[in-house]
Amino acid sequence: MPDSALPPSKAQGAARTALRLLLVSPDEEVLQQLRPLRASQGLELLHAASAGAAESQVRQSRVELVLIDEAIGRQALVGLVERLRDQLFKDWLPIMVLGGSPELLHLLERRARGLVDYFLAKPLSTRAFRERLVAARRMVSLRRVCGSALDRVSEGVLIIDEHGTLRSFNRAAERLFGWSAEDVIGQNVSLLMPSRHALKHARYMEDYLRTGLPRMIGTGRVETAQRRDGSKFPMHLTVADISDETAIRFVGVIRDLSAELERAELQQMALHDSLTGLPNRSHAEQRVRREIEMAAAGAPGFALLFVDLDRFKRINDSFGHATGDEVLRAVAQRLRHSLSETDFVARLAGDEFLLLLSGVQDPLDAQRIGDRVSRRLAQPLLLQGHRLTISASIGVALYGPDGKKVEELLARADAAMYACKRQLPP
């Protein structure tokens, strides 16, 4: 249980936060030696007389430094060190050992090599303890700074080992997934993914550990994540290998893409026609404006083809609006397939469409493309049991001769289309 600590002065409290030290020792004399150091060394002192009691303290309290007395028993000491690192996942918890018999050192070398940070000889020298405390405090301060920084970033940050076991989970990750760090640390990272993605992730990790080929390490990718309530969200995941000679560790940085994808979807909806999927009038005007800017800067000019279906109202009146909608979708598909990938097709409104032909500057070339489009549209359509034949009036406007502004070009192409429509038989 916590040993009452002398409260630091206001000046001390402003300068540093008390370091929470857990002494694991059945020896009351060691405890009495440390008590006078609480105020001068800025310590909050906790005490456990056995390894089991120490584990309970670590689970329940924010322990920042552990001093384990060899007097609890060599096997118990080594077992406690192992459990602190491997079961309680205290990778960055400084561990001091009071003692250092050859038998203990041999046992640590065999079972817990590299897991103890400092040794202090018995009997305890308060001077030696203060010297070790300076170094340990630097580790604690660094961990506090890193933890504070990680808890203030907007991305979820987690650390796993080679088995996929979660060893660290920051505040943003808690918000993203709905799990607390206490809930997930020690669990497999598959908890945070749908099963299909979890299996794929596990294979990536196995391949990397076996071959060293960084198929997923160091590169960002989009995956599906799963919250505690089972709901899923798109995430951008970057994984980095931060292993060293003491342990294999990977850090994952996660960004929720839900808002970005929602914005992209809204933008897509704002710039595209819901019926045909083609760009809408607003998008078309933006594209024409961009082509004008490029042409003014020296790029080749372009042609606009204004396409209006002939007698489309008769189709709606005779066969219904559902069939009319199917005709518009079929026309949109045929227009796309009539042009090259660099050209642009938009639905302006109703049965009106706009084609932008990049690099076309000759009126004869524009007319030939318009004739090809007309022939493609004139091919019979079989829709809902009806065989329909449609035609279109097409007006052409060229950048330069017919104008250099969006409004001018659209107006000229529209006027040319109506000139064609007036030639239709009644």
Side-chain angles (χ1 to χ4, degrees), residues 268 271-273 275-313 315 324 326-381 388-426:
Q268 172 81 2
L271 294 176
H272 287 76
D273 169 50
L275 176 65
T276 64
L278 290 176
N280 59 16
R281 186 180 191 97
S282 177
H283 192 174
E285 291 177 352
Q286 291 181 23
R287 176 61 184 268
V288 174
R289 189 169 290 107
R290 187 162 69 248
E291 290 286 333
I292 290 173
E293 292 172 355
M294 293 168 60
F302 60 92
L304 294 182
L305 271 60
F306 201 115
V307 179
D308 186 276
L309 302 185
D310 297 328
R311 305 181 180 90
F312 180 71
K313 185 175 182 300
I315 295 176
E326 288 296 321
V327 169
L328 292 174
R329 281 192 281 265
V331 167
Q333 186 175 13
R334 288 184 175 184
L335 291 176
R336 285 195 199 99
H337 293 163
S338 298
L339 304 179
S340 70
E341 293 182 356
T342 59
D343 296 328
F344 177 84
V345 184
R347 182 189 178 201
L348 299 182
D351 59 336
E352 297 177 343
F353 298 84
L354 183 72
L355 314 183
L356 189 154
L357 312 177
S358 297
V360 174
Q361 304 176 79
D362 189 301
L364 294 179
D365 291 338
Q367 188 60 54
R368 280 193 290 269
I369 294 172
D371 292 343
R372 187 177 72 221
V373 169
S374 292
R375 291 193 298 270
R376 186 70 179 266
L377 292 178
Q379 295 174 5
L381 283 171
L388 303 176
T389 301
I390 59 176
S391 63
S393 298
I394 301 178
V396 177
L398 295 175
Y399 172 78
D402 295 317
K404 294 187 177 181
K405 296 181 179 179
V406 176
E407 297 78 9
E408 293 174 345
L409 291 167
L410 290 176
R412 290 296 295 271
D414 185 47
M417 179 274 295
Y418 274 108
C420 293
K421 197 171 285 289
R422 283 194 292 270
Q423 299 176 18
L424 292 173

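Throughout, numbering of the chain's residues begins at 1 and tracks the sequence. On a predicted model such as this, the values are computed, not experimentally measured, just so you know.
- Expressed to the nearest 0.5 Å, how far CD1 of I394 lies from CG of L355 amounts to 7.0 Å.
- Between the CZ atom in F353 and the CZ atom in F306 there is a gap of 10.5 Å [rounded to 0.5 Å].
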Could you go through residues 406-416 and list every donor-acceptor pair under 3.5 Å that involves a side-chain atom there, pairing it with any protein atom two or more places apart or in another chain?
unit_1	atom_1	unit_2	atom_2	d
E408	OE1	K404	N	3.0
E408	OE1	K405	N	3.4
R412	NH2	D402	OD1	3.0

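- Once rounded to the nearest 0.5 Å, the distance linking OG of S338 with CZ of R376 reads 4.5 Å.
- In this structure, the side chain of D343 engages the main chain of S340 through a donor-acceptor pair within 3.5 Å.
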Please tabulate, for side-chain N and O atoms in residues 419-426, each donor-acceptor pair with protein atoms closer than 3.5 Å (sequence neighbours left out).
unit_1	atom_1	unit_2	atom_2	d
K421	NZ	D308	OD1	2.9
K421	NZ	L309	O	3.4
K421	NZ	D310	OD1	2.8

Apply side chain to side chain contact (heavy atoms under 4.5 Å, CB included) to the pair L335 and L377, showing each step before the final yes or no.
CA-CA 8 Å; L335 291 176; L377 292 178; 4.2 Å; yes

Acceptor/donor pairs from residues 275-282 side chains to any protein atom, 3.5 angstrom cut, sequence neighbours excluded:
unit_1	atom_1	unit_2	atom_2	d
T276	OG1	D273	OD2	2.6
T276	OG1	L278	N	3.2
N280	OD1	S282	N	3.3
N280	OD1	H283	N	3.0
N280	ND2	A270	O	2.8
R281	NE	E285	OE2	3.3

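- Note that CG of L305 is 8.0 Å distant from CG of L354, once rounded to the nearest 0.5 Å.
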Applying side chain to side chain donor-acceptor pair (under 3.5 Å), run through S374 and D371 and close with a yes or a no.
CA-CA 5 Å; S374 292; D371 292 343; 5.2 Å; no

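- The CZ atom of R372 lies 12.5 Å from the CD atom of Q367; values are rounded to the nearest 0.5 Å.
- Q379 CD: more than 12 foreign heavy atoms inside a 6.0 Å radius.
- The side-chain heavy atoms of R334 and V373, taken from C-beta on, include no pair separated by under 4.5 Å.
- Taking all atoms of both residues into account, the shortest heavy-atom contact from L328 to R347 is CD1-NH2, 3.4 Å.
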What donor-acceptor contacts under 3.5 angstrom involve side-chain atoms of residues 290-300, with partners at least two apart or in another chain?
unit_1	atom_1	unit_2	atom_2	d
E291	OE2	R287	NE	3.2
E291	OE2	R287	NH2	3.4

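- When all heavy atoms of A303 and L398 are compared, the pair lying nearest together is CB-CD2, 3.4 Å.
- V327 and F312 get closest at one heavy-atom pair: CG1-CE1, 4.0 Å.
- Shown here are the ring pair (Phe, Tyr, Trp, His ring centres under 6.0 Å) partners of F302, two or more places apart in sequence or in another chain: Y399.
- Here L304 contributes atom CG and L357 contributes atom CG; the two are 8.0 Å apart, rounded to the nearest 0.5 Å.
- Residues satisfying the side chain to side chain donor-acceptor pair (under 3.5 Å) test with E352, not counting sequence neighbours, are none.
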Stepwise side chain to side chain contact (heavy atoms under 4.5 Å, CB included) check, I369 with V396
CA-CA 10 Å; I369 294 172; V396 177; over 6 Å; no

